[in-house]
Structures are given as structure tokens and as C-alpha cells.
Amino acid sequence: MADERVNKIIEILKKEYPDVKIALNYSNPLELLIATILSAQCTDRQVNEVTKDLFKKYRTPSDYIRVPQEELEKNIYSTGFYKNKAKNIKRLCEILVENFSGEVPDNMEDLITLPGVARKTANVVLSNAFGKNEGIAVDTHVKRVSARLGMTDNTNPDKIEKDLMKLVPNKDWGVFTLLLIRHGREICTAKKPRCHDCILNKLCPSAFTFG
DNA sequence: AACTCGGGGCA
DNA sequence: TGCCCAGAGTT
């Protein structure tokens, strides 16, 4: 696939989902990390709503450590999995203070030692908070949407990641993932994709090919 | 590889 | 009312 077509797709999606950029406009890596953890299995709308208040009350790792876990649970309740998330965030902040001088580490090796943080969350933070494009987070949405758009012809996540790393300009890796996830949730769904409502349907080789 | 955490969105 | 979901950890 020509780079020009990929760039066009990215530009269209950026315009379609301007709040993806807003969502990335967290003032520091800790906020992005916590927002990413919270986003597991819930909508970005819920995360934005919750973090709006949360990030006023909690600014540093020490702030999260100071309060009882139950209070943190209340603050993030509506995002689901709230006990796990609260526990992980609290422990994660303790580790930041103990081992990383209170800073979010800027490399994969250290990031995935944190509770609740694995490759995918680490990649989102690396690319969007530190501008380090070590990889592209490939989840079910990225996998499905990129395949439908003809960006990869493979089903192996590692191969897909390599294909996409060749196609997508470095500076856009972090946003690219978030855009495809967003589009995959709202339009390019696994079942009954809404091709009629899809802003990419004229560019997409798979458009209107679903039962 | 299967199971668990979980409230919210949507048909 | 039932089904599904921006993940990660445990067994």
C-alpha cells in the first residue's frame, strides 16, 4: 500500500475523531498512564468523565498513596473493574516512588514491571507520552480494522505490527493505534460494521462486503 | 487456553 | 434482559 493512501486515511480519521487528540492532551505521563489503565473494557467517554475530577484531586504518585484504596475505588467506580484498577494504580504509584524517583519510566522494560501495565498499555504511554515509537500496540480492533483497510494480509500480531510499522509514519504511531481502536469500536465493528456511516468507505477495499 | 474482574452501552 | 467490551493477572 502506498504511503500516501495511509497518510490520507490517518488524516481523515484525525479529523473524524478530534477528541482522540484531546484525550492525549494529559499534562504528564502519569495522567496518560492512569487514563490508559482506566480505559480497559470501558468507553473513553467514561474515562474522560472520571479523570476530569480525578486529576484535580490527585497530581503526584504520593497523592494516590496517601488516600485509602476505597476512596480511589469510588472515584473510578463507573469505569468497571474498579477494585483491580484501584489496587494496581495505588501499588504502581508506590513502586514509582520506591524505584523510579516518582517518575513514570520511559522504557518498555521498566514499564511492564508495573502492576496493570503490559505491552499494550506500555506502548500507548511510550509513543504518546514520550514520543518513543518502539512498537505499535496491536489489539483486536487494530488487527481487524487494518486488515479490512488492506494494510496487512496477515493474522499474526507480530507480523501485523511489523507491516504497520512500515506503513505508518513514525510520528503517528501512537495516535494511529488510538484512532483505529476508536474507529473499530464505533464504526468498523466486528459484527455488522456500519459501512454506510464510515468516513473511509470509498477508500476501503472491504466496504459493503459484509453479509 | 480458560477464567476473573464489572459497570455501562446498546439491541 | 442479555450480550459485549480501549486489558492484565492468575492458574
Side-chain angles (χ1 to χ4, degrees), chain A residues 10 13-14 16-26 29 31-55 69-96 104-105 108-129 135-148 155-158 160-161 164 172-194 196-197 210-211:
Chain A
I10 293 171
L13 288 178
K14 275 186 183 174
E16 184 72 2
Y17 306 113
D19 54 313
V20 163
K21 271 200 152 179
I22 293 171
L24 291 176
N25 194 22
Y26 295 110
E31 289 189 357
L32 176 60
L33 175 58
I34 289 174
T36 306
I37 290 173
L38 291 179
S39 74
Q41 303 296 96
C42 80
T43 65
D44 54 334
R45 185 181 146 277
Q46 284 296 332
V47 174
N48 288 333
E49 205 148 303
V50 163
T51 54
K52 195 176 149 196
D53 294 327
L54 189 72
F55 293 161
Q69 186 177 316
E70 291 74 25
E71 189 178 330
L72 187 52
E73 288 177 5
K74 279 184 199 169
N75 286 316
I76 66 172
Y77 180 77
S78 62
T79 68
F81 297 165
Y82 58 92
K83 283 179 191 287
N84 281 344
K85 288 174 181 173
K87 191 174 84 177
N88 284 337
I89 290 170
K90 212 162 144 58
R91 178 66 190 132
L92 173 155
C93 285
E94 289 172 0
I95 296 176
L96 291 186
V104 176
M108 176 67 73
E109 188 186 354
D110 288 335
L111 275 171
I112 60 177
T113 66
L114 302 172
V117 180
R119 246 183 89 76
K120 183 175 170 186
T121 300
N123 264 327
V124 171
V125 172
L126 282 174
S127 53
N128 291 306
I136 294 180
V138 177
D139 72 342
T140 59
H141 294 298
V142 173
K143 190 173 165 179
R144 180 182 66 256
V145 177
S146 62
R148 285 177 178 169
T155 56
N156 181 324
D158 292 333
I160 294 173
E161 184 175 0
L164 293 180
D172 280 327
W173 283 3
V175 172
F176 174 80
T177 296
L178 297 179
L179 287 172
L180 256 63
I181 290 172
R182 177 69 173 278
H183 194 62
R185 279 191 61 121
E186 299 192 356
I187 302 291
C188 196
T189 50
K191 285 186 272 182
K192 292 197 272 183
R194 300 164 52 196
H196 285 284
D197 300 324
F210 304 91

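Numbers restart at 1 for each chain; the letters A, B, ... are given by sequence-line order, proteins then strands. Only this structure's heavy atoms are used, side chains among them; waters, hydrogens and symmetry mates stay out.
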Sorted by chain and residue number, the side chain to side chain contact (heavy atoms under 4.5 Å, CB included) partners of A:E73 (sequence neighbours excluded) come out as A:Q69, A:Y82, A:K83, A:A86
The side chain to side chain contact (heavy atoms under 4.5 Å, CB included) partners of A:S127 (sequence neighbours excluded) come to A:N133
Counted 5' to 3', the first and last nucleotides of DNA chain B within 4.0 Å (strictly under) of a heavy-atom of chain A are B:dC5 to B:dG9
Nearest-nucleotide check on DNA chain C, A:L114 vs A:D44; residue mapping nearer the 5' end is A:D44
Residues at least two apart in sequence or cross-chain that pass side chain to side chain contact (heavy atoms under 4.5 Å, CB included) with A:N128, listed by chain then number, are A:L24, A:L32, A:V124, A:V175, A:L178
Just call it for A:T79: base, sugar-phosphate, or nothing, with non-hydrogen atoms closer than 4.0 Å on any strand.
-> base
Atom CZ of A:R119 and atom C1' of C:dA8 are separated, to the nearest Å, by 14 Å
So, with a heavy-atom separation below 4.0 Å from DNA chain B, the residues of residues 82-93 of chain A are A:Y82, A:K83, A:N84
Taken in chain and number order and not counting sequence neighbours, the residues that satisfy side chain to side chain contact (heavy atoms under 4.5 Å, CB included) with A:T140 are none
In short, side chain to side chain donor-acceptor pair (under 3.5 Å) pairs touching residues 174-188 of chain A with sequence neighbours left out are A:Y17-A:H183, A:D19-A:R182, A:D44-A:R182, A:R182-A:E186
Taken to the nearest 0.5 Å, the spacing of A:L114 CG from A:E94 CD works out to 12.0 Å
Self-check item: P spacing across the pair C:dC4 / B:dC3, given as an integer number of angstrom
Solution: 15 Å
Residues at least two apart in sequence or cross-chain that pass salt bridge (charged side-chain N to carboxylate O under 4.0 Å, His left out) with A:K14, listed by chain then number, are A:E11, A:D172
Just list the side-chain donor-acceptor pairs under 3.5 Å for residues 115-123 of chain A, sequence neighbours left out, or say none.
from, atom 1, to, atom 2, distance (Å)
A:R119, NH2, A:E161, OE1, 3.0
A:R119, NH2, A:E161, OE2, 3.2
A:K120, NZ, A:D139, OD2, 3.1

Residue pair A:R185/A:P115 against DNA chain C: nearer the 5' end by closest nucleotide is A:R185
The salt bridge (charged side-chain N to carboxylate O under 4.0 Å, His left out) partners of A:D53 (sequence neighbours excluded) come to none
By salt bridge (charged side-chain N to carboxylate O under 4.0 Å, His left out), A:E49 pairs with (sequence neighbours left out) none
Atom CG of A:L33 and atom C1' of C:dA8 are separated, to the nearest Å, by 13 Å
Rounded to the nearest 0.5 angstrom, the CG-CD1 distance for A:L72 and A:I34 is 8.0 Å
Ranking A:G80 and A:K192 by the position along DNA chain B of their nearest nucleotide, the one closer to 5' is A:G80
Closest to the 5' end of DNA chain B, once A:Q46 and A:C42 are matched to their nearest nucleotides, is A:C42
Could you tell me whether A:K74 and A:E71 have a side-chain N and a carboxylate O separated by less than 4.0 Å?
no
Output field dot_bracket for DNA chain C (Watson-Crick or G-U, both distances under 3.5 Å, | for other-strand pairs) contains |||||.|||||
Base, sugar-phosphate alone, or nothing: which one does A:V117 contact when heavy atoms must sit under 4.0 Å apart? sugar-phosphate
Give a yes/no answer on whether the side chain of A:S39 brings an N or O atom under 4.0 Å of OP1 or OP2 in C:dG7.
no
Rounded to whole Å, CZ of A:R182 lies from P of C:dC5 at a distance of 17 Å
A:N123 atom CG is separated from C:dA8 atom C1', nearest whole Å, by 15 Å
